[in-house]
Amino acid sequence: MIQEFKKIKNVKGELSLPGDKSISHRSVIFSSLAKGTSRITNLLESDDVISTINCFRNLGCEIHKEGTEYLVNGKGYKGFSKPENDLDAGNSGTTARLISGVLAAQDFVSNLVGDESLSKRPMNRIAKPLSLMGAKIKLSDQGTLPAYFQPSDKLKNINYELEVASAQVKSALLLSAIHIDQKSTIIEKSITRDHTERMLGCETQFDNGRKIITASKKNYPNAQEYLIPSDISTAAFFIVLALLAENSELLLKNVSLNPTRTGFLEVLKKMGANITFENEKKVSGEELGDIVVKSSSLKNIAINPELIPNIIDEIPILSVAGLFAKGAFVIKNAAELRVKESDRIKSLVYNYQQLGVEVEEFEDGLKISGEIKK
Ligand code: S3P
């Protein structure tokens with residue numbers, strides 16, 4: 001079928017987008033761990049977050065919607081019951097990795113499964129450090145789901161430097177660490193999204209560019225109210241649209257502006273994007289504000305490798321901005337893109353080739369010719 005596309009101009013207006021995915025998962029998990037009722041406003045009702053909700057229902061938590069809010073009746077320290085069925089993380093890597101940290105610390109067996117795509121994604125990155133804490137986890141021979149958890153005799157604290165720059169791995173370890181009296185320290189060489197350590201109130205220090213996060217049972221969460229800002233990763237698509245379309249001005253309300261998530265705004269601004277913030281504030285420990293985006297002419301820049309974990313989810317849409325910017329768009333040091341829900345490097349390369357764009361594929365990124373005529 002030949003589809004005719006009309007050029008978009010005049011992207012104007014105001015948008016309120018759904019809640020942030022990372023903070024939504026964490027709000028459900030921490031509320032389920034806490035004893036008593038927590039209230040969550042603006043929870044993202046996506047399949048992935050529903051998978052997290054269903055896993056915790058399967059562990060005995062009562063979670064229901066009241067008006068526009070979610071109420072979670074958490075079970076408290078080691079209050080979960082042995083699940084009747086397999087825990088199904090569906091397509092959600094965040095559910096699978098984060099809940100592993102919780103399951104490793106329980107006194108019952110459980111089996112964690114996922115859909116076809118999730119069952120191909122690496123779980124060793126979680127199982128290996130959790131095993132160092134004494135967890136008993138059996139993965140498939142390929143190091144993937146299903147993951148079978150057995151009670152450990154006693155989990156012990158850990159001092160561990162992350163081998164992959166992954167907030168999911170860090171969070172899994174912190175979730176086990178909050179079940180242990182002694183302090184654990186998790187060290188990051190590359191800074192990843194920091195919602196878990198913020199929301200659990202973990203102590204953090206910086207040493208020569210490395211981040212040291214400390215957690216123990218003292219950080220076990222209490223029941224509370226969560227207000228979730230709009231998802232900056234969703235906003236990214238509308239931001240690039242407004243930048244590229246002529247005569248445009250878009251206002252995105254109450255978007256998460258956590259500095260570990262706004263790397264792609266930094267990159268776009270350096271590329272010449274007209275992006276400003278209004279009404280900046282901090283709610284439930286997270287920065288948020290309104291983003292104003294206006295049509296801009298862009299030029300490609302060298303992207304700092306340290307920023308890659310911060311922009312990992314936005315690289316595909318950032319490459320679209322790069323396609324219309326002066327010079328070539330180059331991404332390197334982003335091999336993690338190959339182990340997401342799909343191999344995102346392969347998909348980008350294939351689709352750009354279909355569109356006749358000059359593209360070079362690297363193991364850890366890609367290069368595309370920019371300056372495509374709009
Ligand atoms: C997430 C962390 C990132 C990100 C994912 C959500 C999280 O994954 O790509 O969409 O909420 O912790 P990695 O930790 O595997 O990089």
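Predicted model, so just to flag it, every value in this text is computed and none were measured. Order of listing sets the numbers, starting from 1, for every ligand and every atom in it.
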Check whether any N or O atom of [X], backbone or side chain, sits under 3.5 Å from an N or O atom of ligand 1, and answer yes or no.
{"X": "Ser22", "value": "yes"}
{"X": "Asp313", "value": "yes"}
{"X": "Ser171", "value": "no"}
{"X": "Glu336", "value": "no"}

Under a 3.5 Å threshold, yes or no: a donor from one side chain and an acceptor from the other, between [X] and [Y]?
{"X": "Thr144", "Y": "Arg121", "result": "no"}
{"X": "His195", "Y": "Ser22", "result": "no"}
{"X": "Asp194", "Y": "Thr260", "result": "yes"}
{"X": "Thr94", "Y": "Gln168", "result": "yes"}
{"X": "Arg26", "Y": "Thr196", "result": "yes"}

Do the ring centers of Phe80 and Phe56 come within less than 6.0 Å of each other?
yes
For Tyr70 and Tyr226, run ring-ring contact (aromatic ring centres under 6.0 Å, His included): C-alpha distance rounded to whole Å, both residues' side-chain angles, the deciding distance at 0.1 Å, then the answer.
CA-CA 10 Å; Tyr70 271 82; Tyr226 293 96; over 10 Å; no
Which of the listed options, [options], holds the heavy atom that is closest to [atom]?
{"atom": "atom 1 (C) of ligand 1", "options": "Arg344, Gln168, His195", "answer": "Gln168"}
{"atom": "atom 6 (C) of ligand 1", "options": "Leu337, Thr94, Asp48", "answer": "Thr94"}
{"atom": "atom 15 (O) of ligand 1", "options": "Ser92, Ser233, Ser166", "answer": "Ser166"}

Quick one: does [X] get a heavy atom under 4.0 Å from ligand 1?
{"X": "Lys170", "answer": "no"}
{"X": "Arg26", "answer": "yes"}
{"X": "Lys340", "answer": "yes"}

Ile312 neighbourhood, listing ligand 1 atoms whose heavy-atom distance to it stays under 4.0 Å:
9 (O)
Tell me whether Val283 is reachable from Leu200 by hopping between hydrophobic residues (I, L, V, M, F, W, Y) whose side-chain heavy atoms are closer than 4.5 Å.
no
Which one holds for Arg193 and ligand 1: side chain close, backbone close, both close, or neither close, with close meaning a heavy atom under 4.0 Å?
side chain
